[in-house]
Structure formats: structure tokens, C-alpha cells
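Everything on this sheet refers to the single structure shown next.
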Amino acid sequence: MVLFILEMEWMLSTGQDKLFTWHCSETGERLGNYRTTACASCLQFDVETRHVFVGDHSGQVTILKLEQDNCSLITTFKGHTAGVTSLCWDPVQRLLFSGSSDHSIIIWDIGGRKGMALELQGHRDKIQSIAYAHHSRQLISCSADGGIVVWNMDVERQEHHCRKCGKAVCGKCSSKSSTIPLMGFEFEVRVCDSCYDSITDEQHNRDTEEGHIALPSHSRPGGHSSTLEISCHFSFRRMGPRALQSLSHGGTPC
């Protein structure tokens, strides 16, 4: 990815050589570079603070502070279980959005100093691109599943780990996933084993009352980790109300 920063006359770029570099757009001189842990795939830049956000194929987001001829590492975030495919920065609310091949979007509260990270689940395949509409506070995402989802960022969302009971549980205790229509989860999401059993029993009882038995849903292969593996103290938040609007693209977005 390439970004042109008019205010600094900088050209920022990432590549498969695991390097983030920035050049002077006026002279073409390379001002500096930083080696990432994996192939860098996307980046965003905050003009006011001169912070750059670099996403890579390992699922990590690196935050650097840029100067004219050097940079310093601020921190790294690792909440995705697959490569980061797209980044978007909201300079007003100080929010960083990251989309990934793990089908999820994570919202990082960078400027709020509350350590909040919110995972959005609304796609069935890898996220290909995300964009943010500042005037309406809506996040738009498209995926290889052929869908476009519009998320309302004004909706208050509750803080939880297990999507049903809210308990913080480890991977061994949350190995299953299930839909929870009553809570707005139309797709399978991570739940603890106890809640999975209760959901299955509720579904069994409901189906028995209706005169038929439905097979319980099974856990999705390659599901997400129940905790965020990051170098900073971020607390994980689940999605509350469902996305504002879901559109069918009619194919796979480019």
C-alpha cells in the first residue's frame, strides 16, 4: 500500500519485503524504514501526531511515531487470528479499524485511554476492504463472501467475552460457537461451553415443543480465540446490536 501525506510531503509504503518505508516526495530521498514481523499489507497515518499504523500478514498491527529521518516503536496490537487485510483511521474519535482474513473487524480505542477493543462479526469470509464515513459515523465493510455491511458506530455496545453470558474464558473453555438470534447474532459466534450446552438444550426443548428435532450447530473450524493476544492492556468487547444494514454485492468485491 502507498499513502501520500501532503502536509509532510512524505510518501509512505509497505511491501512483501517486510519493510515499511517513507520517502520525501519532493526529492525522492528515502527518509527511513522499519522492518515488520511479517509482510506488511496495509497502513494508515495520523497527521496531527505523526503516528503510522501498519498491518501485516501475521495479524499484528504496529504503531510507529515518525520523525523526519527516524521512527520509534510505540506498541503492537495482536487481536486477529489471521492476516490484517485493511486498516481505517478515524482521527476525530481516535479509533483504528482493522479488517482481517479471519472474517472479523476489530475497533481499537487508541485515543480514549480506556483500553477497549471491540470485535465485529458480520461476514462469512475474509474482509477485503473497510471505509469510515465520518459525517454519519458509519463503518462500511466488504468481504469475499460477496456482502457489504454498514455498521452504526453510534450504537452503544456491551463489554463481554463469551457472547452469551459475558464471562472471560480461556480457549479450552470456549471451544464451541453458536448462533444467538435473540441477542442479534445471526452467524455463529464464540460462546463458553456451559452456554453452548444451555443454548443446545433451549433449542432442543423449543424444537420438541414444535414437534420436530433439529440437529445442534457445530463449532466452526478455525474459530477465533476467546481473548485478545496483545502487548497492551486492552479489554475485549463483544458486538451488541447487529449491523445497521447488510447489502448483497451480487458477487465477490474486488
List in chain and number order the residues that pass side chain to side chain donor-acceptor pair (under 3.5 Å) with [X], two or more places apart in sequence or in another chain; answer none if no residue qualifies.
X	answer
His57	none
His134	Asp90
Thr62	Gln60
Ser58	Asp56

Under the salt bridge (charged side-chain N to carboxylate O under 4.0 Å, His left out) rule, what pairs show up with a residue in residues 127-138, not counting sequence neighbours?
Arg137-Asp154
For residues 33-47, pull every pair meeting salt bridge (charged side-chain N to carboxylate O under 4.0 Å, His left out), keeping only residues two or more places apart or in separate chains.
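Pairs touching residues 33-47 that pass the test: Asp46-Arg94.
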Could you go through the side-chain contact (heavy atoms from CB on, under 4.5 Å) check for Ile106 and Val61 one step at a time?
CA-CA 11 Å; Ile106 294 181; Val61 177; over 6 Å; no
Quick one: side chain to side chain contact (heavy atoms under 4.5 Å, CB included) partners of Ser141, sequence neighbours excluded?
Ile105, His123, Ile130, Val149, Trp151
Do [X] and [Y] make a side-chain contact, defined as non-hydrogen atoms from C-beta onward lying under 4.5 Å apart?
X	Y	answer
Arg50	Met8	yes
Cys42	Val84	yes
Leu87	Trp108	no
Ser143	Arg124	no

Verify, without hydrogens or angle tests, whether Thr85 (side chain) and Gly99 (backbone) share a donor-acceptor contact under 3.5 angstrom.
yes
Shortest non-hydrogen contact between [X] and [Y], atoms and distance:
X	Y	answer
Ser100	Gly83	OG-O, 2.9 Å
Phe77	Thr75	CE2-CG2, 3.7 Å
Gln128	Ser86	O-CB, 4.2 Å
Gln44	Leu3	CA-CD1, 3.9 Å

Once rounded to the nearest 0.5 Å, what's the spacing between atom [atom1] of [X] and atom [atom2] of [Y]?
X	Y	atom1	atom2	value
Gln93	Ile110	CD	CD1	13.5 Å
Ile127	His103	CD1	NE2	8.0 Å
Asp109	Leu95	CG	CG	5.5 Å
Ile107	Leu118	CD1	CG	4.5 Å
Ile5	Met11	CD1	CE	9.0 Å

Between side-chain atoms of residues 14-22 and protein atoms elsewhere (two or more places apart, or another chain), which donor-acceptor pairs fall under 3.5 Å?
from  : atom 1 : to    : atom 2 : distance (Å)
Thr14 : OG1    : Met1  : N      : 3.0
Asp17 : OD1    : Leu19 : N      : 3.1
Thr21 : OG1    : Ser13 : OG     : 2.8
Trp22 : NE1    : Glu67 : O      : 3.4

Is Leu12 reachable from Phe53 through a run of hydrophobic residues whose side-chain heavy atoms are each under 4.5 Å from the next?
no
Leu43-Leu31 co-clustered via ILVMFWY side chain contacts under 4.5 Å:
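Looking at the clustering, Leu31 is in the same group as Leu43.
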Trp10 and Leu66: CA distance, side-chain angles, deciding distance, side-chain contact (heavy atoms from CB on, under 4.5 Å) verdict
CA-CA 11 Å; Trp10 287 349; Leu66 293 191; 3.8 Å; yes
Pairs satisfying ring-ring contact (aromatic ring centres under 6.0 Å, His included), at least one member in residues 30-51, at least two apart
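Found none.
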Just checking Glu26: does its CD atom have more than 12 heavy atoms from other residues, nucleotides or ligands closer to it than 6.0 angstrom?
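Not buried by this count: 12 neighbours or fewer within 6.0 Å.
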Please enumerate all residues that pass salt bridge (Lys or Arg N to Asp or Glu O under 4.0 Å) together with Arg30, with sequence neighbours excluded.
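Scan of Arg30 (salt bridge (Lys or Arg N to Asp or Glu O under 4.0 Å), adjacent residues dropped) gives none.
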Could you walk me through whether Leu64 and Leu73 pass the side-chain contact (heavy atoms from CB on, under 4.5 Å) test, one step at a time?
CA-CA 5 Å; Leu64 304 170; Leu73 174 65; 3.8 Å; yes
